Amino acid sequence: GNKYINNQMPMVYNGIAFSGTSISSKLRLDEVLHTIRKHAFATSPYPLIISLEDHCNEEQQKVMSDLFTDIFKENLLTQKFSEEEVHLPSPEDLTQKIILKGRIGSCQD
């Protein structure tokens with residue numbers, strides 16, 4: 001079963017706004033992440049950077065965190081390589097890694 005089913009599943013919106021109207025699609029975050037995991041390194045072993053704009057409430061942010069961790073597993077970059085790290089790691093150091101970059105937007109309940 002899906003342990004996230006009791007929580008409201010975060011959705012991914014991708015759209016274009018045209019003078020007050022928008023054309024967008026929405027997909028379940030878990031489905032998007034499974035697709036990314038399946039195809040992330042099909043053509044290149046170099047790191048994949050996912051850019052997010054988060055409009056989720058705190059409960060959904062917890063679900064998102066669990067989904068990223070559960071689906072991307074060891075591919076998700078979650079910490080520095082070492083405490084002495086001064087410079088960013090090279091792309092070769094980050095092969096097969098997924099890096100999350102994001103910003104928090106206004107909450108959409």
Side-chain angles (χ1 to χ4, degrees):
N2 187 340
K3 70 179 183 179
Y4 307 106
I5 205 73
N6 294 330
N7 296 313
Q8 187 179 25
M9 178 59 64
M11 302 298 288
V12 175
Y13 290 84
N14 185 15
I16 303 169
F18 294 101
S19 62
T21 61
S22 65
I23 300 171
S24 66
S25 61
K26 69 179 181 178
L27 303 165
R28 288 172 48 115
L29 179 61
D30 59 336
E31 294 172 354
V32 171
L33 298 181
H34 280 292
T35 301
I36 290 170
R37 175 152 174 95
K38 180 178 178 182
H39 300 284
F41 305 107
T43 60
S44 170
Y46 290 107
L48 171 67
I49 300 172
I50 298 174
S51 181
L52 303 168
E53 184 171 330
D54 179 0
H55 294 275
C56 292
N57 62 34
E58 192 173 324
E59 181 181 350
Q60 287 179 318
Q61 288 175 0
K62 172 66 173 130
V63 172
M64 288 173 60
S65 176
D66 290 344
L67 286 168
F68 285 122
T69 302
D70 292 350
I71 294 170
F72 293 153
K73 301 183 186 328
E74 69 282 348
N75 294 109
L76 183 63
L77 185 64
T78 58
Q79 58 192 12
K80 290 182 177 184
F81 278 43
S82 72
E83 289 303 314
E84 297 80 37
E85 187 175 289
V86 176
H87 301 287
L88 292 174
S90 71
E92 287 76 21
D93 291 335
L94 295 171
T95 57
Q96 303 288 314
K97 291 295 181 190
I98 296 173
I99 301 167
L100 300 179
K101 166 188 162 294
R103 72 179 197 136
I104 305 291
S106 60
C107 183
Q108 303 290 320
D109 284 322

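Since this is a predicted model, take the numbers as computed values, not measurements.
For the side chain to side chain donor-acceptor pair (under 3.5 Å) test, residues two or more places apart in sequence or in another chain that qualify with Glu53 are His55, Arg103. In this structure Thr95 satisfies the side-chain contact (heavy atoms from CB on, under 4.5 Å) test together with Pro45, Tyr46, sequence neighbours excluded. Partners of Gln61 under the side-chain contact (heavy atoms from CB on, under 4.5 Å) rule, at least two apart in sequence or in another chain, are Asp54, Cys56, Ile104. For Gln96, the side chain to side chain donor-acceptor pair (under 3.5 Å) criterion is met by no residue, not counting sequence neighbours. Annotation: side-chain contact (heavy atoms from CB on, under 4.5 Å) contacts of Thr43 (sequence neighbours excluded): none. Every side chain to side chain donor-acceptor pair (under 3.5 Å) that Lys101 has, sequence neighbours left out, goes to Ser51.
Summarising the geometry, atom CZ belonging to Arg37 is positioned 10.0 Å from atom CG belonging to Leu76; distances are rounded to the nearest 0.5 Å. In this structure, Met11 CE and Asp30 CG are separated by 9.0 Å, a value rounded to the nearest 0.5 Å. To the nearest 0.5 Å, the span separating CD on Glu31 from CD1 on Ile71 amounts to 10.0 Å. With rounding to the nearest 0.5 Å, the separation of CE in Met64 from CG in Leu100 is 8.5 Å.
Test Leu48, Ile36, Ile99, Ile98 against Asn75 for side-chain contact (heavy atoms from CB on, under 4.5 Å) and you get one pass: Ile98.
Contact of the Phe68 side chain with the Leu52 side chain is registered, since non-hydrogen atoms from C-beta on lie closer than 4.5 Å. Put simply, the side chain of Phe72 does not reach to within 4.5 Å of the side chain of Leu77, judged on heavy atoms. Within the 4.5 Å cutoff, the side chain of Leu67 has heavy atoms near those of the Met9 side chain.
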